[in-house]
Number of protein chains: 2
Amino acid sequence: MLDDIRPRSHPVTADGQLPPERTEIRIWLRLLSCTTQIEKIIKSKLRQEFATSLARFDVLAQLDRFPDGLSMSEVSRHLMVSNGAITGLVDKLESSGLVVREDHAQDRRTVVVRLTEQGRSQFRRMARRHEEWIVSLVGDLSREAQSELLRDLTLLKRSLVME
Amino acid sequence: MLDDIRPRSHPVTADGQLPPERTEIRIWLRLLSCTTQIEKIIKSKLRQEFATSLARFDVLAQLDRFPDGLSMSEVSRHLMVSNGAITGLVDKLESSGLVVREDHAQDRRTVVVRLTEQGRSQFRRMARRHEEWIVSLVGDLSREAQSELLRDLTLLKRSLVME
DNA sequence: TATTGTTATACTCTATAACTATA
DNA sequence: TATAGTTATAGAGTATAACAATA
C-alpha cells in the first residue's frame with residue numbers, strides 16, 4: 001500500500017522519467033508500505049481467528065506484562081492513545097470477560113485494569129499465533145539482514161524520541 | 001506507540017525479567033513503532049498546515065504522477081483501497097477544487113480523475129513540506145544506516161510480495 | 001486546583017453489499 | 001455476464017471537551 005507514492009517538488013519530466021527521490025523519502029515510503037501490509041494481514045487474522053482487533057490485542061499485551069494491573073491512565077500512556085479511547089477498548093474487553101476493572105486501594109479516582117484468567121490464557125493463545133504470523137512474514141530475510149534491520153530501526157526509533 | 005508491546009508465550013519470570021523475544025518480533029515491533037510515530041506527526045502536520053489527511057494526500061500523489069488522470073478503479077488499485085473508499089476521498093478533493101471528474105472518451109462507465117491546476121500547485125506545496133518533515137525525522141541517521149535501512153526494507157517488501 | 005475516568009460528540013478511514021449504468 | 005462507479009451501511013479507531021468524583 002502506498003507503494004507508488006512519490007511526492008515530489010518537480011514535475012514528471014517530458015520523457016516520463018521520475019525525478020530521483022531523496023533517500024529519506026524512499027525509506028519512509030518503504031517503511032510505510034511494509035508496515036501497512038503486515039498490519040493489514042495481522043488485523044485480518046486477528047479478526048478471523050480471534051474476533052478481535054489490533055488495538056484490543058495491544059491492550060491485552062500491556063496488561064500481560066503487568067500482572068498487578070494498570071490504571072486506565074497508565075494504559076493510555078503506554079499505548080500513547082487518548083484516555084477516552086482506552087475507556088472504549090477496556091469496555092469491550094471487559095464485556096468479553098478478558099479483563100476486569102477493580103478499585104484502587106488508595107486512590108478512589110483510579111481504576112485498575114487486570115487480565116482475568118480467561119483473558120490471560122486467551123492472550124497467550126493470540127500471542128503464539130501472532131508470533132507465528134510475524135515469523136512467517138519477516139523470517140524470509142537472512143539473519144544478516146534481520147540484525148541489520150533491527151539495529152537500524154532501533155537507531156531510527158531512538159532518533160525519533162530525541163525530536 | 002506500541003513500543004512496549006511484547007507479546008509472548010511465556011509469563012513474566014519471577015525476577016521480573018522478560019523472556020527473550022524473537023528477532024522477527026522485535027523487528028516488527030520497532031517497524032510498527034517507528035511508522036506509527038512518524039505517521040502521527042505527518043498526519044498532524046498535514047491537518048494543521050493544509051487541513052487535509054494522509055489518505056487524501058496519497059490520492060493527490062498518485063494523480064500527480066499521471067498527468068492524464070486515472071480512473072477511479074485505477075486509483076483504488078494503486079492505493080490498495082476499496083472502490084467505495086475512493087469515491088469518498090475523491091468527493092472531498094473535488095469539492096475542494098483540487099481534482100475534477102471527467103468522462104472517459106471511450107468507456108462511458110469510466111470516470112477519469114485529474115488534478116486541477118490548483119490541485120497540482122497545492123499538492124506541490126504539500127509535497128515540499130512533506131519532504132522537509134520526513135528529512136527532519138529520518139535524516140539524523142548516518143548515510144550508512146540510511147542505505148542499509150533502505151536496502152533491507154526493500155528486501156522485506158519484496159519478500160512480502162512473494163507471500 | 002489538579003487529576004482520574006467517563007461520556008458525548010465528531011471525524012477519520014475502511015470494507016461490504018446492493019444497485020445503476022454500461023460494456 | 002462482467003465491469004465501473006456510487007451509495008448505504010456498518011464498524012474500527014481516534015481526539016477533544018465537558019463533566020463528576022476525588023486528591
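Lettering of chains follows the sequences in order, A, B, ..., and the numbering in each one begins at 1.
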Which residues pass the salt bridge (Lys or Arg N to Asp or Glu O under 4.0 Å) test with [X], sequence neighbours left out?
{"X": "B:R151", "value": "A:E148"}
{"X": "A:E74", "value": "none"}
{"X": "B:R114", "value": "B:E102"}
{"X": "B:K43", "value": "B:E39"}

Seminar exercise, completed: Per-helix bend value, the helix from C:dG5-D:dC19 to C:dA23-D:dT1, C1' rotation axes over five pairs per end, 10° rounding, shows 0°
Exercise. Is A:R56 touching bases, backbone alone, or none of the nucleic acid, heavy atoms closer than 4.0 Å?
Worked result: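 If one applies the 4.0 Å heavy-atom cut-off, A:R56 turns out to touch the sugar-phosphate alone, with no base involved.
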Exercise. Looking for any heavy atom pair under 4.0 Å, which part of the strands does A:S82 touch: base, sugar-phosphate only, or nothing?
Worked result: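 If one applies the 4.0 Å heavy-atom cut-off, A:S82 turns out to touch a base.
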Can you sort out the partners of [X] under side-chain hydrogen bond (donor to acceptor under 3.5 Å, both in side chains), two or more places apart, ordered by chain and number?
{"X": "A:S95", "result": "none"}
{"X": "B:D107", "result": "B:R109"}
{"X": "A:E49", "result": "A:R129"}
{"X": "A:D91", "result": "A:R101"}

Problem set entry | Integer-rounded Å distance: D:dG13 P and A:R47 CZ | 11 Å
Problem set entry | Atom pair distance, as rounded to whole Å: CZ in A:R77 and C1' in C:dG5 | 12 Å
For this session: Could you check which residues of residues 83-97 of chain B get a heavy atom under 4.0 Å from DNA chain D? Sort them by number, please.
Result: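 Under 4.0 Å from DNA chain D: B:N83, B:G84, B:T87.
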Problem set entry | Residue pair A:Q48 / A:S44, side-chain donor-acceptor N/O under 3.5 Å | yes
For this session: Could you verify whether a donor N or O on one side chain and an acceptor N or O on the other, from B:S53 and B:R47, lie under 3.5 Å apart?
Result: no
For this session: Tell me, please, which residues at least two apart from A:K92 pass side chain to side chain contact (heavy atoms under 4.5 Å, CB included).
Result: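 A:K92 satisfies side chain to side chain contact (heavy atoms under 4.5 Å, CB included) with A:R56 once adjacent residues are dropped.
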Seminar exercise, completed: Once base and sugar-phosphate atoms are separated, protein heavy atoms under 4.0 Å mark nucleotides 18-23 of chain C, 5' to 3', with B, S and - as ---BBS
Exercise. Is A:R101 near enough to C:dT6 that one of its side-chain N or O atoms lies under 4.0 angstrom from OP1 or OP2?
Worked result: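 Yes, such a contact exists.
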Problem set entry | Nearest-neighbour nucleotide for the B:S53 side chain, C:dT12, C:dG5, D:dA12 considered |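 Nearest listed nucleotide: C:dT12.
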